[in-house]
Amino acid sequence: DSLLIRLITVDEGTLLLFRGAFSLLGYLILLQLLAGGVVRRETWAMSRPELAIAGLLVVANVLFVTSIRHANAALALVLIATAPAFTSVFSRVFTGEAVAARTWIASSIVLAGVAAIFVTEPQGGELIGALAAVGASVILAATLVVRGSHPVRMLPALALGALLTALVTIPFADPWSVSGSDLAIA
């Protein structure tokens with residue numbers, strides 16, 4: 001995914017518009033297939049946790065694309081991969097879930113590594129991408145905690161998140177600037 005984001009030449013707003021729209025299309029097709037061709041109205045009656053996940057996914061999409069566009073892709077992906085460390089901390093703080101000592105040790109090492117990366121690596125424009133990657137990791141962790149602590153129907157939440165991503169980015173997009181090759185990659 002990060003390679004494709006790098007290959008697409010349109011601006012971030014346009015990329016996010018198409019990313020949201022194409023994701024929505026994919027999720028709707030999956031919903032149709034899983035429902036035997038008939039998606040019922042109840043599918044779209046969302047609980048608060050499902051709405052929260054949809055909203056978090058919008059933020060995660062924006063931060064992910066920003067991180068890949070503004071930082072070295074390897075750096076961005078390493079920082080995003082720290083989500084389990086944040087998840088363990090959030091699970092303890094927000095749900096009271098017991099976290100094993102070895103998880104605390106591993107999380108501490110990971111977060112110390114992230115701090116070391118920020119001390120030595122990103123500079124200038126790459127700092128924006130690195131911060132966006134950490135933000136995406138935090139949002140992903142929050143999504144996992146909500147998902148783990150409440151009954152959630154993920155496919156409708158993902159579809160709503162994709163729709164909201166497309167809608168939120170319309171004012172920042174120039175859909176007429178998309179070339180055929182960018183559309184094929186998207």
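Just so you know, residue 1 is the first one in the sequence shown, and it goes up from there. Computed from a prediction, not measured in an experiment: that's the story for all the values here.
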_Treating Ser108 as the side-chain partner and Trp104 as the backbone partner, does any N or O pair qualify as donor plus acceptor under 3.5 Å?_
yes
*Please report the C-alpha distance between Leu77 and Phe64 in whole Å, then the side-chain angles of each, then the deciding distance to 0.1 Å, and finally whether the side-chain contact (heavy atoms from CB on, under 4.5 Å) criterion is met.*
CA-CA 9 Å; Leu77 293 174; Phe64 178 72; 4.1 Å; yes
*Do the side chains of Trp44 and Tyr27 join up, straight or via other hydrophobic residues, at under 4.5 Å, putting them in one cluster?*
yes
*What pair of heavy atoms forms the shortest contact from Ala141 to Phe86, and how long is it?*
CB-CB, 3.5 Å
*OG1 of Thr143 to CZ of Phe90: how many Å apart, nearest 0.5 Å?*
10.0 Å
*Who pairs with Leu160 by side chain to side chain contact (heavy atoms under 4.5 Å, CB included), at least two apart in sequence or on another chain?*
Met46, Leu51, Ala54, Leu163, Leu164
*Would Phe172 and Leu24 show up in the same hydrophobic cluster when neighbours are defined by side-chain heavy atoms closer than 4.5 Å?*
no
*Going from OG on Ser149 to CG on Leu144, what distance comes out if it is rounded to the nearest 0.5 angstrom?*
10.5 Å
*Looking at CG of Leu79 and CG of Leu75, how far apart are the two atoms once the value is rounded to the nearest 0.5 Å?*
4.5 Å
*asked:* With side-chain hydrogen bond (donor to acceptor under 3.5 Å, both in side chains) as the criterion, how do Ser107 and Ser88 come out once you've worked through the C-alpha distance, each side chain's angles and the decisive distance to 0.1 Å?
replied: CA-CA 8 Å; Ser107 296; Ser88 63; 2.8 Å; yes
*Search all heavy atoms of Val58 against all heavy atoms of Gly161 and return the closest pair with its distance.*
CG2-O, 3.5 Å
*Taking every non-hydrogen atom, the tightest pair across Val146 and Val152*: O-CG2, 4.3 Å
*Applying the 4.5 Å side-chain criterion to the ILVMFWY set and letting contacts propagate, would Leu140 and Leu16 be lumped into a single cluster?*
no
*Would a 4.5 Å heavy-atom cut-off, applied to side chains only, mark Phe94 and Val89 as touching?*
no
*Looking only at heavy atoms, which two atoms of Arg92 and Glu97 are closest? And how far apart?*
CD-O, 3.1 Å
*asked:* Is there a continuous path of hydrophobic side-chain contacts, each under 4.5 Å between heavy atoms, that joins Leu28 to Leu34?
replied: yes
*Please confirm whether the backbone N or O of Val65 pairs with a side-chain atom of Glu12, one donor and one acceptor, at under 3.5 Å?*
no
*State which residue, out of Asp11, Ile128, Ile8, fulfils the side chain to side chain contact (heavy atoms under 4.5 Å, CB included) condition with Arg69.*
Ile8
*Does Asp174 offer a backbone N or O that forms a donor-acceptor pair with the side chain of Thr14 under 3.5 Å?*
yes
*State, yes or no, whether a side-chain contact exists between Met154 and Ile53 at a heavy-atom distance under 4.5 Å.*
yes
*asked:* Could you report the tightest heavy-atom contact between Ser67 and Ala132, atom names first, then the distance?
replied: N-CB, 3.8 Å
*Taking every non-hydrogen atom, the tightest pair across Gly13 and Thr169*: O-CB, 3.7 Å
_Nearest 0.5 Å, please: how far is CD in Glu50 from CZ in Arg147?_
9.5 Å
_Atom pair CD1 (Ile68) and CD1 (Ile5), whose distance is rounded to the nearest 0.5 Å_ = 5.5 Å
*Supply the atom-to-atom distance Leu111 CG to Ser137 OG, rounded to the nearest 0.5 angstrom.*
8.5 Å
*Kindly work out whether a path of hydrophobic side-chain contacts (I/L/V/M/F/W/Y, heavy atoms less than 4.5 Å apart) joins Val168 to Leu25.*
no
